[in-house]
Amino acid sequence: MPWIVGVSGASGTPYAAAVLRALLAAGESVDLVVSRASRLTLLDETGISFRDAHWQHDLREWLARGADGKPGSFEADVSGVRHWSAGDLAAGPSSGSYPTKGMLIVPASTACVAGVALGLSKDLLQRTASVTLKERRRLVVAVRETPLDGRTLRHLVALDDAGASVVPASPAFYAGATHIQDLVDFVAGRVLDAAGVGHGLYRRWRGDLGGARPTT
């Protein structure tokens with residue numbers, strides 16, 4: 001069964017790329033839903049146009065790019081990915097009878113959070129998240145926004161009450177980050193931790209104060 005990865009319009013497309021690479025490296029299959037708003041963000045942050053008719057080429061180019069924008073930083077095999085258009089409300093993931101392991105929304109905009117919390121299902125991403133909740137499957141929401149107002153906080157509490165895991169895109173520094181990719185990978189790793197997917201994206205805390213500090 002696949003994991004569904006939904007990419008909404010919030011800034012943070014490198015987080016989505018890191019999660020996708022790690023899922024594929026772990027041998028997981030992925031159903032991908034890229035919202036219309038996220039395509040504008042992807043174009044702005046990477047210069048890549050994500051097109052339904054050429055999604056494999058565009059996804060391969062996206063996943064090969066590092067968090068610093070450098071192309072060719074990673075090898076990207078997208079054979080384990082199935083893409084669904086965000087406007088296709090008859091797609092497989094729109095139904096609870098379509099078997100999945102769960103869904104990861106990375107990054108999640110406040111508009112996406114509101115839509116899922118209120119059950120609006122205005123596109124396939126929101127519909128799939130609603131299905132994931134009603135089927136009691138794992139839903140991880142990596143919200144990427146600041147500051148958060150009261151409405152969004154209430155929406156996040158509603159998602160938590162419904163059984164979702166809310167994972168703010170907040171990198172930590174105890175893992176010894178020396179590059180922007182390390183910070184991105186930490187957030188991606190925490191998303192995968194919430195989903196129960198194994199990975200080696202960051203150095204875990206072992207109770208050793210200063211263990212990640214470079215020696216001089």
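As the structure is a prediction and not an experimental result, all values here were calculated from the model. These values consider heavy atoms only, across backbone and side chains, with no hydrogens, waters or symmetry-generated copies.
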Q. According to the salt bridge (charged side-chain N to carboxylate O under 4.0 Å, His left out) rule, which pairs have a member within residues 39-55, sequence neighbours left out?
A. Arg39-Asp52, Arg51-Asp58
Q. Between atom CZ of Phe50 and atom NE2 of His57, what is the distance when rounded to the nearest 0.5 Å?
A. 12.0 Å
Q. Just by modelled atom types, is the Ile4 backbone N or O under 3.5 Å from a matching donor or acceptor in the Thr100 side chain?
A. no
Q. Distance-only, no hydrogens or angles: does the Ser130 side chain make a donor-acceptor pair with backbone N or O of Gly119 under 3.5 Å?
A. no
Q: Evaluate the ring planes of Phe186 and Tyr202, with Trp represented by its six-membered ring, and classify them as parallel (under 30°), tilted (30 to 60°) or perpendicular (over 60°).
A: tilted
Q | Contact check, side chains of Val157 and Val166, non-hydrogen atoms, under 4.5 Å | A | no
Q) Any chain of hydrophobic side-chain contacts (each under 4.5 Å) joining Val19 to Trp84? A) no
Q: Treating Ile, Leu, Val, Met, Phe, Trp and Tyr as nodes and any side-chain heavy-atom pair under 4.5 angstrom as an edge, say whether Leu156 and Val106 lie in one connected cluster.
A: no
Q: Return yes if some donor-acceptor pair links the side-chain N/O of His199 with the main-chain N/O of Gly189 below 3.5 Å, else return no.
A: yes
Q.
Does this structure show an ion pair linking Asp149 with Arg151, if we count only N-O contacts that are shorter than 4.0 Å?
A. yes
Q) Is Val143 reachable from Val191 through a run of I, L, V, M, F, W or Y residues, each pair having side-chain heavy atoms under 4.5 Å apart? A) no
Q. Which atom pair, heavy atoms only, marks the closest approach of Pro14 to Val184?
A. O-CG1, 3.4 Å
Q. Looking only at heavy atoms, what is the nearest atom pair of Gly198 and Ala26, with distance?
A. O-CB, 4.0 Å
Q: State, with a plain yes or no, whether a side-chain heavy atom of Val81 is found less than 4.5 Å away from one of Leu59.
A: yes
Q.
Has Ser109 got a side-chain atom pairing as donor or acceptor with Ser8's backbone, closer than 3.5 angstrom?
A. no
Q. After noting the C-alpha distance and the side-chain angles of Leu192 and Glu28, does the key distance pass the side-chain contact (heavy atoms from CB on, under 4.5 Å) rule?
A. CA-CA 12 Å; Leu192 294 171; Glu28 302 283 353; over 6 Å; no
Q. What are the two closest non-hydrogen atoms of Pro2 and Pro99, and how far apart are they?
A. CD-O, 3.4 Å
**Q.** Side-chain touch His155/Val116, heavy atoms, less than 4.5 angstrom
**A.** no
Q.
Is the shortest side-chain heavy-atom distance between Thr128 and Tyr98 below 4.5 Å?
A. no
Q.
Is the terminal nitrogen or CZ of Arg144 (NZ for Lys, CZ for Arg) located under 6.0 angstrom from the six-membered ring centre of Tyr15 and within 45° of that ring's axis?
A. no
(Q) Once rounded to the nearest 0.5 Å, what's the spacing between atom OG of Ser49 and atom CG of Leu42? (A) 8.0 Å
Q. For residues 157-183, which residue pairs qualify under salt bridge (charged side-chain N to carboxylate O under 4.0 Å, His left out), counting only residues two or more places apart or in two chains?
A. none
Q. Given the rule that I, L, V, M, F, W and Y join up when any side-chain heavy atoms are under 4.5 Å apart, are Trp55 and Leu20 in one cluster?
A. yes
Q. In Å and rounded to the nearest 0.5 Å, what is the CD1 to OG distance from Ile105 to Ser35?
A. 10.0 Å
(Q) Please say yes or no: joined through hydrophobic side-chain contacts below 4.5 Å, possibly via intermediate residues, are Val5 and Val141 part of one cluster? (A) no
Q: Considering non-hydrogen atoms only, spot the tightest contact between Val187 and Pro171 and give its length.
A: CG2-N, 3.7 Å
(Q) Would you say that Leu159 contacts Leu133 through its side chain, given a criterion of any heavy-atom pair below 4.5 Å between the two side chains? (A) yes
Q) Any side-chain heavy-atom pair from Trp62 and Val7 closer than 4.5 angstrom? A) yes
(Q) Applying side-chain contact (heavy atoms from CB on, under 4.5 Å) to Leu104 and Val197, what does each step give before you reach the verdict? (A) CA-CA 11 Å; Leu104 317 176; Val197 177; over 6 Å; no
Q: Give the minimum heavy-atom separation between Ala86 and Val34, together with the two atoms involved.
A: CB-O, 3.5 Å
(Q) Is the shortest side-chain heavy-atom distance between Val140 and Trp3 below 4.5 Å? (A) no
Q. So, Ser94 side chain and Ala91 main chain: donor-acceptor pair closer than 3.5 Å or not?
A. yes
Q. Measuring from Thr132:OG1 to Arg127:CZ, what's the distance to the nearest 0.5 Å?
A. 10.0 Å
Q | Distance, nearest 0.5 Å, that separates OG of Ser79 from CZ of Arg60 | A | 9.0 Å
Q.
Using 0.5 Å steps for rounding, measure from the SG atom of Cys112 to the CD atom of Gln126.
A. 6.0 Å
Q: Compare every heavy atom of Ala194 with every heavy atom of Ser165, then report the nearest pair and how far apart it is.
A: CB-CB, 4.2 Å
Q: Go through the steps for Leu183 and Phe173 under the test side-chain contact (heavy atoms from CB on, under 4.5 Å), then give the verdict.
A: CA-CA 8 Å; Leu183 299 176; Phe173 296 88; 3.8 Å; yes
(Q) When you compare the side chain of Leu24 with that of Asp77, does any pair of heavy atoms fall below 4.5 Å? (A) no
Q: For Ser73 and Arg65, indicate whether the former's side chain and the latter's backbone hold a donor-acceptor pair under 3.5 Å.
A: no
Q. Is the backbone N or O of Leu63 less than 3.5 Å from a side-chain atom of Arg21, with the two atoms forming a donor-acceptor pair by type?
A. yes
Q. What do you reckon, is NZ of Lys70 surrounded by more than 12 foreign heavy atoms closer than 6.0 Å?
A. no
